[in-house]
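The figures here come from the full heavy-atom set of this structure, side chains too, leaving out hydrogens, waters and symmetry mates. Per chain, numbering begins at 1; letters A, B, ... match sequence-line order.
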Amino acid sequence: MNLSRTARAMLWAALAGGLAVVYVPLLIVLLNSFNADRTFGWPPPGFTLRWWEAAWNSTGVREALWTSIQAALGATAIALVLGTMVAFALQRHSFFGRDAVSLLIILPIALPGIVTGIALNNAFRAVLEPFGLGLGMFTVIVGHATFCVVTVYNNVLARLRRTGSSLEEASADLGADVFTTFRLVTFPMIRSALLAGGLLAFALSFDEIIVTTFTAGAGVKTLPLWIFENLFRPNQAPVVNVVAAALIVLSVVPIYLAQRLSGGEAGPR
Amino acid sequence: MSDPAVRLSGLRKSFGAVHAVTGVDLDIADGEFFAMLGPSGSGKTTVLRMIAGFETPTSGTVELGGADVTRLAPFERDVNTVFQDYALFPHMNVLDNVEYGLRVKRVPRAERHERALAALASVRLEGYGGRRPGQLSGGQRQRVALARALVNRPRVLLLDEPLGALDLKLREEMQVELKSIQREVGITFLFVTHDQEEALTMSDRVAVFNEGRVEQVGTPAEIYERPSTAFVAGFVGTSNLISGEAAQAVLGKEGTFSVRPEKLRVAGLGESVDGAEHSATGTVSEVVYAGPATRFVVELDAGGRLIALQQNLQVSSMDVMSLRGTRVRLVWHRRHEFAIVS
């Protein structure tokens with residue numbers, strides 16, 4: 001398509017403006033984590049690693065980080081198993097209510113977190129409390145899994161659509177039973193989709209706060225919860241900034257990997 | 001070896017309200033090159049998939065070498081398939097693809113390696129073992145698919161439109177090659193095609209499918225020279241039917257009759273006809289010059305139309321074109337006309 005010079009310049013400006021709105025604030029967070037001024041004076045009077053050191057030595061941060069990782073791993077594991085199973089069921093079989101099930105699987109990612117949070121909170125308390133179980137790590141993991149399943153489901157479904165079932169038929173035709181076919185053909189075909197979906201699920205869970213607030217109970221403090229709690233304590237501000245900066249870096253990596261992975265592999269390379 | 005390689009008895013398959021196969025009985029002999037020919041939707045591919053085990057018949061049985069395999073899974077049957085889209089495993093190289101069947105049957109590594117290399121050699125793909133399917137051309141992929149199936153030495157090899165995805169020139173090459181490979185390995189080849197020329201060229205016998213049934217089974221010559229139904233006459237070659245009043249007037253017989261276009265001779269009106277021949281007069285309405293031959297469409301005076309195919313032995317295109325609109329007499333030998341079941 002041929003665009004005039006002006007149109008081209010304007011489109012570039014729109015792109016630059018849009019990206020700036022998103023990324024300049026993030027950049028400032030990153031810079032401020034090295035800002036020598038405790039109140040983030042601008043321009044920074046100097047740079048220091050003091051806040052990073054303080055964050056590293058803070059037991060609160062460390063514990064919250066570990067809690068977040070556990071929750072994200074748990075939610076990702078559930079999402080991988082359930083997301084893959086439901087993707088196979090819906091792609092490879094047709095049954096009554098298939099479209100409805102598909103919609104029900106995808107819906108949680110669109111539901112407002114506060115709705116999911118309140119609903120789960122009520123349900124957990126109603127169902128678990130009679131058994132003497134309170135809110136805790138388990139309920140956080142289940143809460144996160146409700147929307148993490150979607151990313152795995154979508155990735156695996158797209159891969160299955162693209163590869164079709166003829167490879168599995170070919171494998172069966174050549175004498176492989178169902179399990180061998182899964183091990184040698186199906187799993188290698190969907191491996192990168194699983195990884196991509198899993199990484200996205202991990203990232204989604206890792207920075208989730210709303211559902212977490214309603215499902216965590218008293219003892220469980222994930223990193224986002226810790227940040228939110230310390231945000232308005234002036235003496236903690238520099239450390240909060242460091243944690244935020246670290247989170248930015250940590251969430252870029254899985255998203256980048258997931259994007260690279262969901263492109264390749266299945267087709268002929 | 002009295003049992004046929006494949007025996008289908010009363011085979012039916014319905015998908016909901018769609019009756020894809022409505023009663024097929026077929027015996028395919030050991031070592032035969034057998035074609036299932038028919039238009040798309042005629043049920044031939046469904047029959048193939050039932051023999052492979054991908055579909056379970058609604059009723060009827062599939063026997064392989066005398067054993068009933070109707071309820072067995074694909075991996076329990078001694079057949080292998082060359083898929084229309086080849087279905088090569090894209091994450092494995094060519095050699096691993098060919099070895100796959102031996103690998104899952106736990107053939108020792110050294111032996112399966114040797115057999116896979118031999119199979120690749122038999123399809124003229126030595127040295128391609130390390131490539132990925134994505135790096136091969138369509139014709140090469142087709143041959144890998146063939147090697148991957150043949151290396152297992154199945155009782156029957158099923159081929160689903162094996163040449164459908166290739167261009168014309170490659171297709172003609174592969175027709176010859178498939179035939180010679182089949183003669184070499186001696187395995188029963190059962191292939192599905194919608195291309196009548198392909199079926200006639202390669203097969204020992206052909207089954208013509210229509211609307212889920214077999215219309216006729218026979219050698220290519222029988223199918224072509226003596227089609228038993230109007231459908232076969234029309235699907236395999238040009239039908240050229242003479243029926244109703246025209247049949248009365250021209251042949252003096254009741255019924256529907258067919259004459260193949262190349263059996264007709266385009267002659268002048270005054271041509272004398274001997275007792276062994278029949279003839280009909282008409283007007284040439286169309287002349288189609290097609291290189292080695294010319295097609296004449298002749299509207300008969302008695303009603304109906306016949307198409308005559310004449311080899312361009314002496315004539316040039318100028319000569320034949322000038323015949324349009326002229327009156328001619330079509331002459332043919334009586335043994336080349338045959339009755340059609342309508």
Side-chain angles (χ1 to χ4, degrees), chain A residues 84 87-99 155-198 257-258 260-269, chain B residues 15-16 48-49 51-55 72-94 96-107 112 116 131-138 141 144-145 147-154 156-160:
Chain A
T84 307
F88 267 92
L90 295 189
Q91 165 66 22
R92 292 290 156 80
H93 302 279
S94 70
F95 49 87
F96 177 76
R98 182 167 73 160
D99 294 341
N155 269 280
V156 174
L157 190 74
R159 178 62 50 87
L160 290 179
R161 279 214 184 108
R162 215 166 64 187
T163 53
S165 56
S166 70
L167 293 178
E168 280 149 16
E169 284 188 349
S171 173
D173 185 73
L174 291 164
D177 61 30
V178 179
F179 294 105
T180 311
T181 296
F182 186 82
R183 186 166 61 84
L184 296 179
V185 176
T186 314
F187 182 72
M189 298 307 304
I190 64 167
R191 186 165 42 204
S192 61
L194 284 176
L195 201 53
L257 288 177
R260 284 201 50 177
L261 286 170
S262 50
E265 194 148 319
R269 279 184 295 184
Chain B
F15 300 97
L48 193 84
R49 290 176 60 79
I51 299 171
F54 301 132
E55 308 284 357
L72 294 187
F75 53 84
E76 297 168 311
R77 300 183 183 204
D78 193 10
V79 297
N80 286 115
T81 307
V82 175
F83 292 84
Q84 186 171 13
D85 63 356
Y86 314 140
L88 300 178
F89 306 124
H91 58 292
M92 297 181 191
N93 67 25
V94 166
D96 288 342
N97 261 285
V98 177
E99 278 186 28
Y100 190 87
L102 303 175
R103 180 177 167 195
V104 300
K105 277 174 221 117
R106 309 198 186 290
V107 173
R112 72 182 194 227
R131 305 239 189 139
R132 294 266 176 167
Q135 297 170 312
L136 303 179
S137 71
R141 271 183 241 178
V144 174
R148 184 177 69 173
L150 282 175
V151 75
N152 306 293
R153 296 172 196 149
V156 180
L157 185 74
L158 307 174
L159 304 102
D160 186 7

Smallest heavy-atom separation, B:Arg103 atom then A:Leu184 atom, equals NH2-CD2, 3.1 Å
Taking every non-hydrogen atom, the tightest pair across B:Lys105 and A:Gly175:
CE-CA, 4.3 Å
Measure distances from B:Leu158 to the heavy atoms of chain A and classify the residue's part below 4.5 Å as side chain, backbone, both or neither.
neither
Side-chain contact test, heavy atoms from C-beta onward, threshold under 4.5 Å: evaluate it for A:Glu169 versus B:Arg49 and give yes or no.
yes
Answer key: most heavy-atom pairs under 4.5 Å with chain A among B:Ala87, B:Ala149, B:Pro154 is B:Ala87
Which answer fits B:Asn80, side chain, backbone, both or neither, if we ask what part of it has an atom under 4.5 Å from a heavy atom of chain A?
both
Where is the tightest heavy-atom contact between B:Tyr100 and A:Thr181, given as atom of each residue plus distance?
OH-CA, 4.2 Å
So for atom CZ, which belongs to B:Arg106, do other residues, nucleotides or ligands contribute more than 12 heavy atoms lying within a distance under 6.0 Å?
no
What are the two closest non-hydrogen atoms of B:Val104 and A:Thr180, and how far apart are they?
CG1-CG2, 3.7 Å
Chain A contact via B:Phe89 - which portion, at a heavy-atom distance below 4.5 Å
both
Smallest heavy-atom separation, A:Ala170 atom then B:Arg148 atom, equals CB-NH2, 3.6 Å
Minimal heavy-atom distance between A:Val178 and B:Phe75, with the atoms involved, is N-CE2, 4.2 Å
Looking at chain A, which one of B:Val151, B:Leu102, B:Asp85 has the largest number of heavy-atom pairs inside 4.5 Å, strictly under?
B:Asp85
Determine whether more than 12 heavy atoms belonging to other residues, nucleotides or ligands lie under 6.0 Å from atom CZ of A:Phe179.
no
